[in-house]
Amino acid sequence: MPHTKPEFVLTLSCPDAPGIVHSVSGLLYQAGCNIMDSQQYGDADTGLFFMRVHFSAPAHLQDAAQFSLLFADVRKRFDMQAQFHDLRTRPKVLIAVSQHGHCLNDLLYRWKAGQLAMDIGGVVSNHTTFANLTRSYDLDFHHLPLAAGASAQDKHAQEQAIAEVMQRTGAELLILARYMQILSPAFCQQLEGRAINIHHSFLPSFKGARPYAQAYVRGVKLIGATAHYVTADLDEGPIIEQDVERVDHTMSAADLTAVGQDVESVVLARAVRWQVEHRILRNGHKTVVFR
């Protein structure tokens, strides 16, 4: 449903100092805005302050650029990194998948059900396994094959093809929904803060390949999943969300996989929802998530 008044989200970070909340809320009040929700956090270790404000605006303030101008003095005074997001504009995403489709299926269902405020520009894959599933949602499927043992040149070409699809569709976020290809450092840098991966393990334990098999051998009592931003350091990006499920000695590796796939789907969906709702702020190698 369209908003009756323009609604925006302001996200900001800056060195902590007295008067930040007063200055931000006061300026929004003077502009005729109504604050609908506000959350803030001061990190004692880094000395940084983080804030998310959801507000409605009067009719004469129609776009984020106007608010950026209004906040120029406050931004300068507090050395503030601030972004205004117009909620009438839904973020566009691209989903990448290989041959495990549980996360893809879950995201598509939630999107179709209106649970994720985003537009999907399509699905890319190095396999054709989920072409029919994707098209059943009236979405474009892009098959970008990559042979086993592909050269660095072939991988670069495939990554550039993904980048071209993102550019063509206007996608600002790449969701790796069990996309089982390691992205090159250059591509990771190009997508910094704009790519989310789901790792089928409760990081930092059991990193790399076959984590459920590793967990089974170790006889774990909890298994989990981790959604994180993609960086050049494999499975080391800032963590957005994690969850676990209890398991026991009666369960096989296949049982653990089934339970784990459910956790993966939920964790990735949460991370994507928080991303498109502008609830995540980077704090060095960590994240601040305003739920």
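All values below come from the heavy atoms of this structure, side chains included, with hydrogens, waters and symmetry mates left out. Every value quoted in this text rests on a predicted model; they were computed, and no experiment measured them.
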So do Asn197 and Tyr179 actually touch side chain to side chain, heavy atoms under 4.5 Å? no
May I ask you to decide if Val97's main-chain N or O and Ser125's side chain share a donor-acceptor pair within less than 3.5 Å? yes
In this structure, would Val230 and Leu107 fall into the same cluster of hydrophobic residues linked by side-chain contacts under 4.5 Å? no
Determine, stepwise, if the pair Leu28 / Ser25 fulfils side chain to side chain contact (heavy atoms under 4.5 Å, CB included). CA-CA 5 Å; Leu28 289 174; Ser25 58; 5.7 Å; no
Please check if the side chain of Glu245 supplies one atom and the backbone of Leu222 the other of a donor-acceptor pair under 3.5 Å. no
State yes or no: do Leu27 and Phe67 share one hydrophobic cluster built from I, L, V, M, F, W and Y residues joined by side-chain heavy-atom distances below 4.5 Å, directly or via other members? yes
Inter-residue atom distance Leu173.CG - Leu191.CG, 0.5 Å rounding: 9.0 Å
Between the side chains of Glu159 and Lys155, is the shortest nitrogen-to-carboxylate-oxygen separation below 4.0 Å, so that they form an ion pair? no
Is Tyr29 atom OH crowded by more than 12 heavy atoms from other residues, nucleotides or ligands, each under 6.0 Å away? no
Are the side chain of Ser265 and the backbone of Gln261 linked by a donor-acceptor contact shorter than 3.5 Å? yes
How long is the span from the NE2 atom in His100 to the CZ atom in Phe130, to the nearest 0.5 Å? 8.5 Å
Look at the aromatic rings of His143 and Phe141 and report parallel, tilted or perpendicular, splitting at 30° and 60°. parallel
Before accepting this row, confirm whether a basic side-chain N of the pair Asp73/Arg77 lies closer than 4.0 Å to the acidic partner's carboxylate O. no
I want to check something: taking the side chain as every heavy atom from C-beta on, are Cys14 and Met51 in contact at a cut-off of under 4.5 Å? no
Linking I/L/V/M/F/W/Y whenever any side-chain heavy atoms sit under 4.5 Å apart, do Leu116 and Tyr137 land together? yes
Provide the closest heavy-atom pair for Trp111 versus Asp119 in the form atom of the first, atom of the second, distance. NE1-CA, 4.2 Å
Separation of Leu176 CG from Leu183 CG (nearest 0.5 Å): 5.5 Å
Decide side chain to side chain contact (heavy atoms under 4.5 Å, CB included) for Met166 and Arg194; before the verdict, give the C-alpha distance in whole Å, the side-chain angles of both, and the deciding distance to 0.1 Å. CA-CA 11 Å; Met166 291 186 69; Arg194 300 192 301 122; 3.9 Å; yes
Verify the neighbour count for atom CD1 of Ile35: are there more than 12 heavy atoms of other residues, nucleotides or ligands below 6.0 Å? yes
Is there side-chain contact between Ile196 and His228, with at least one heavy-atom pair below 4.5 Å? no
Please answer whether the main-chain N or O of Cys188 pairs with a side-chain N or O of Glu192 as donor and acceptor at a distance below 3.5 Å. no
Does the side chain of Val24 reach to within under 4.5 Å of the side chain of Leu12, using non-hydrogen atoms? yes
Using atom types as modelled and distance alone, determine if a side-chain donor or acceptor of Arg88 lies under 3.5 Å from a backbone N or O of Glu7. no
Can you tell me if Ser184 uses its side chain to pair, donor with acceptor, with the backbone of Phe187 under 3.5 Å? yes
Where do Met251 and Val247 come nearest, in terms of heavy atoms and distance? SD-CB, 3.5 Å
Does any non-hydrogen side-chain atom of Leu108 lie less than 4.5 Å from one of Leu133? yes
Measuring from atom NE2 of His200 to atom NE2 of His102, what distance do you get when rounded to the nearest 0.5 angstrom? 8.5 Å
Is the shortest side-chain heavy-atom distance between Ile280 and Val288 below 4.5 Å? no
Check Thr287 against Ile240 and note the closest heavy-atom contact, atom names and distance. OG1-CA, 4.0 Å
Under 3.5 Å donor-acceptor, Thr128 side chain and Ala131 backbone: no
Among the clusters formed by ILVMFWY side chains lying less than 4.5 Å apart, do Leu10 and Leu70 turn up in the same one? yes
Working note: His54 + Arg52, criterion side chain to side chain contact (heavy atoms under 4.5 Å, CB included); need CA distance, chi angles, decisive distance, verdict. CA-CA 7 Å; His54 174 203; Arg52 178 187 186 271; 4.2 Å; yes
In terms of heavy-atom contacts, does CD of Gln189 have more than 12 from other residues, nucleotides or ligands at under 6.0 Å? no
Cationic N near anionic O, under 4.0 Å, Arg270 to Glu241: yes
Do Glu236 and Tyr229 have side-chain N/O donor and acceptor atoms under 3.5 Å apart? no
Identify the two heavy atoms, one from Cys33 and one from Leu61, that lie closest to each other, and give their separation to 0.1 Å. SG-CD1, 4.5 Å
Short side-chain to backbone donor-acceptor contact, Arg279 and Phe290, under 3.5 Å: yes
Between Arg246 (side chain) and Ile223 (backbone), is there a donor-acceptor pair under 3.5 Å? no
Taking all heavy atoms of Gln115 and all of Arg273, pick out the closest pair and write down the distance. O-CD, 3.9 Å
Is there a donor in the side chain of Thr11 and an acceptor in the side chain of His85, or the other way round, less than 3.5 Å apart? yes
How many angstroms lie between atom CD of Gln83 and atom NE2 of His278, to the nearest 0.5 angstrom? 10.5 Å
Any carboxylate oxygen within less than 4.0 angstrom of a Lys/Arg side-chain nitrogen, looking at Glu264 and Arg178? yes
Leu268 with Val244, same ILVMFWY side-chain cluster at under 4.5 Å: no
Give the minimum heavy-atom separation between Asn126 and Ser98, together with the two atoms involved. OD1-OG, 2.9 Å
Report the relative orientation of the aromatic rings in Phe71 and Phe84; use parallel for angles under 30°, tilted for 30 to 60°, perpendicular for over 60°. perpendicular
Residues Val53, Met36; criterion side chain to side chain contact (heavy atoms under 4.5 Å, CB included); working and verdict: CA-CA 8 Å; Val53 186; Met36 306 169 75; over 6 Å; no
Is there a side-chain contact between Gln40 and Phe50 in this structure, where contact means two heavy atoms from C-beta onward sitting under 4.5 Å apart? no
Could you check whether Gln242 and Thr226, counting side-chain N and O atoms only, form a donor-acceptor pair closer than 3.5 Å? yes
Could you tell me the separation between the CG atom of Asn283 and the OH atom of Tyr41, rounded to the nearest 0.5 Å? 7.0 Å
Tell me whether the rings of Phe55 and Phe8 are parallel (<30°), tilted (30 to 60°) or perpendicular (>60°). parallel
Taking atom types as modelled and ignoring hydrogens, do the side chains of Asp248 and Thr250 form a donor-acceptor contact shorter than 3.5 angstrom? yes
Does a side chain donor of either Ser252 or Asp255 reach within less than 3.5 Å of an acceptor in the other side chain? yes
Using side-chain heavy atoms (C-beta onward) and a distance below 4.5 Å, is Ile175 in contact with Leu94? no
